[in-house]
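Below: one structure, written as structure tokens.
The chain is numbered in sequence order, starting from 1. Computed from a predicted model, the values in this text were never measured in an experiment.
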Amino acid sequence: MLLILFGTVVAFAALVYIFLTWEFGFWEKYGVKGPKPKILLGNIPYLLTKKRHTVYNYDQLYNDFKNEPAVGFFSIRSPQLMVRDPELIKEVLSKGFQNFAENDFSDTVDEKSDPLLARNPFSLSGEKWKTRRAEITPGFTNNRIKAMAHLMDEVCEHMTDYLRTQAKSSDGVATLDAKEVMAKYTTDVVASCIFAIDAQSFVKENPEIRMMGKRIMNFNFVVLLAMLVTTFFPSVKKFYKFTFIPKDTEQFFIRIMQDAIRYRKENKINRTDFLDHLLQLQDRKQITDIDIAGHGVSFFADGFETSSIVLTYCLYDLAKYPAIQQELRDEIAKAKQAGGGTMSYEQLGEMALLEQIICESMRIHPLMAVMAKRCTADTTLVGPKDRKIFVKKGTTVVLPYYSICFDAEHFADPYKYDLKRFAAENGGSKAYRERGVYFPFGDGPRMCLGMRFAVTQVRRAIVEVVERFSISVSSNTIEPFEMDPDQFMLMPKGSIWLDFKPIA
């Protein structure tokens, strides 16, 4: 009896071992170099252990294989390919897009399991992606963004009042979590542009839309669970779809979208914003309220979270380099003087120093460790010296954006904050984009649709804060940064705290 039990245990253990290591010879079979994986952990151990952010695992992979155009590695037990060579990155994002047309997230949800997230172009693929993208694109024309600029002005006034009040109650200097302040700003801007409502983030302690917005983005546990399950059992995605947005949050956004539509129609309000575009879309294509809510939540989630982090890092850099901060303040004053005391939408977009600040901050503080794409057809990438790299259909291909930003081959003295990199005389950001080493908004057909809107609201907030406040890094900020493993995007532990001192 004991022998039978022992034999059963050994057999079971052997089966588990075979299951966990079955794919470990995958990249060797195709002649792609990479590190030896560990059982259960693969080559991204922090995915499971959470000791540090996974960005540090990816960065080690990138730097350990400096002479390789691509690196084969394993996420737990699933073979994945890290593409290091910039020309191959351009192939994945643009030139060979038809072979990498899906995001790695594309088949994890559907319209039944998660009606709102499943309507986000990020989650879609194929004809559905093309249709949704075509529906959204006209909502981000330059003229429409210009028409929404005054809504950003209104929120900036509220932000200034809030910061002044906080400073007044704290001996003239407000020490605040910059990420939280900037999230209030972006929440109010996006809520106004989509739902035509005043979220009142600078007035109320916990406005409902702000809390619901947090719930959209704070799905770290569900994401981790989905990644683990689908990594161990990829076929699960064929018959089970995950739910990332809680049902009460889903119903909240559907309700406020329906209320906004009803109010605007009943009162015959004509306002050139994103909601206006959605109403025109509904009249033309007869899309449902859930479709409209899906578009609205896509804009809301994409617009408030990423922009607030970019803003936080930009302000941190300006706080750390007061001479640059003052130079920008002088540029703002000159622009306003030329505009008769105000700054036009066109002037905002023409501020050269501001553009360099944003570009360099997005380089030295990447928001994501990697960008993940799904290979949609067996293909062969051709690297330097005609080296061929076979990529099997279904393979996840990761583009190591964080590591590229700190690679001295692509950026001289990469850990130095240097605005000259993006000076117009050096080719600006275009020079780096064309080389395939700078893509904070992605590139190719799946490039971020809301990029121009996001950059506009970032510019407007920076101008407001720098013109009216002297900012410095608070002692509450933990330096050097250590990325928080509990955050999906790259934010340091303890957040970023700044001191805001009103300028008389």
Rounded at 0.5 Å granularity, tell me how far [atom1] in [X] sits from [atom2] in [Y].
| X | Y | atom1 | atom2 | value |
| --- | --- | --- | --- | --- |
| S429 | E434 | OG | CD | 9.5 Å |
| F439 | M447 | CZ | CE | 11.5 Å |
| I194 | L275 | CD1 | CG | 9.0 Å |
| K268 | Y263 | NZ | OH | 13.0 Å |
| D283 | K265 | CG | NZ | 6.0 Å |
| T477 | L498 | OG1 | CG | 6.0 Å |

| task | Test ring-ring contact (aromatic ring centres under 6.0 Å, His included) on F202 and Y185 and set out the steps. | result | CA-CA 8 Å; F202 290 111; Y185 164 78; 7.5 Å; no
| task | Kindly give the heavy-atom pair with the smallest separation between K95 and Q98, and that separation in Å. | result | O-OE1, 3.7 Å
Who are the salt bridge (Lys or Arg N to Asp or Glu O under 4.0 Å) partners of [X], not counting sequence neighbours?
| X | answer |
| --- | --- |
| E350 | none |
| K168 | none |
| E482 | R52 |
| R262 | D259 |

| field | Within residues 454-480 or reaching into it, pairs that qualify as ring pair (Phe, Tyr, Trp, His ring centres under 6.0 Å) - sequence neighbours excluded | value |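 Qualifying pairs, neighbours excluded: none.
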Test of understanding: with side chain to side chain donor-acceptor pair (under 3.5 Å), list the residues that count as partners of [X], not counting sequence neighbours.
| X | answer |
| --- | --- |
| E355 | R459 |
| T187 | none |
| K51 | none |

Donor-acceptor contact below 3.5 Å, side chain [X] vs main chain [Y]:
| X | Y | answer |
| --- | --- | --- |
| Y316 | A178 | no |
| S344 | Q347 | yes |
| D484 | D486 | yes |
| Q200 | P207 | no |
| S169 | Q166 | yes |

| Under 6.0 Å between the ring centres of F406 and Y402? | yes
Would you indicate whether the side-chain heavy atoms of [Y] and [X] approach each other to under 4.5 Å?
| X | Y | value |
| --- | --- | --- |
| F453 | V190 | yes |
| Q282 | L278 | no |
| Y46 | H53 | no |

| F422 and Y438: ring-ring contact (aromatic ring centres under 6.0 Å, His included), yes or no, with the steps? | CA-CA 11 Å; F422 295 101; Y438 185 73; 5.1 Å; yes
With salt bridge (charged side-chain N to carboxylate O under 4.0 Å, His left out) as the rule and sequence neighbours excluded, what pairs involving [range] come up?
| range | answer |
| --- | --- |
| residues 491-502 | none |
| residues 467-476 | K336-E467, E464-R468 |
| residues 115-139 | E111-R119, E111-R132, R119-D291, E127-K130, R132-E135, R132-D291, E135-K285 |

| task | Establish, yes or no, whether the cationic atom of K184 lies under 6.0 Å from the six-membered ring centre of Y162 and within 45° of the ring axis. | result | yes
| request: Would you mind listing every side-chain hydrogen bond (donor to acceptor under 3.5 Å, both in side chains) that reaches into residues 136-158, with sequence neighbours excluded? | output: N142-Y345, R144-D276, K146-E346, D153-R460
| request: Measure up the H365 and Y313 rings against each other and bin them: parallel (under 30°), tilted (30 to 60°), perpendicular (over 60°). | output: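 Taking Y313 first and then H365, their aromatic rings lie parallel (interplane angle under 30°).
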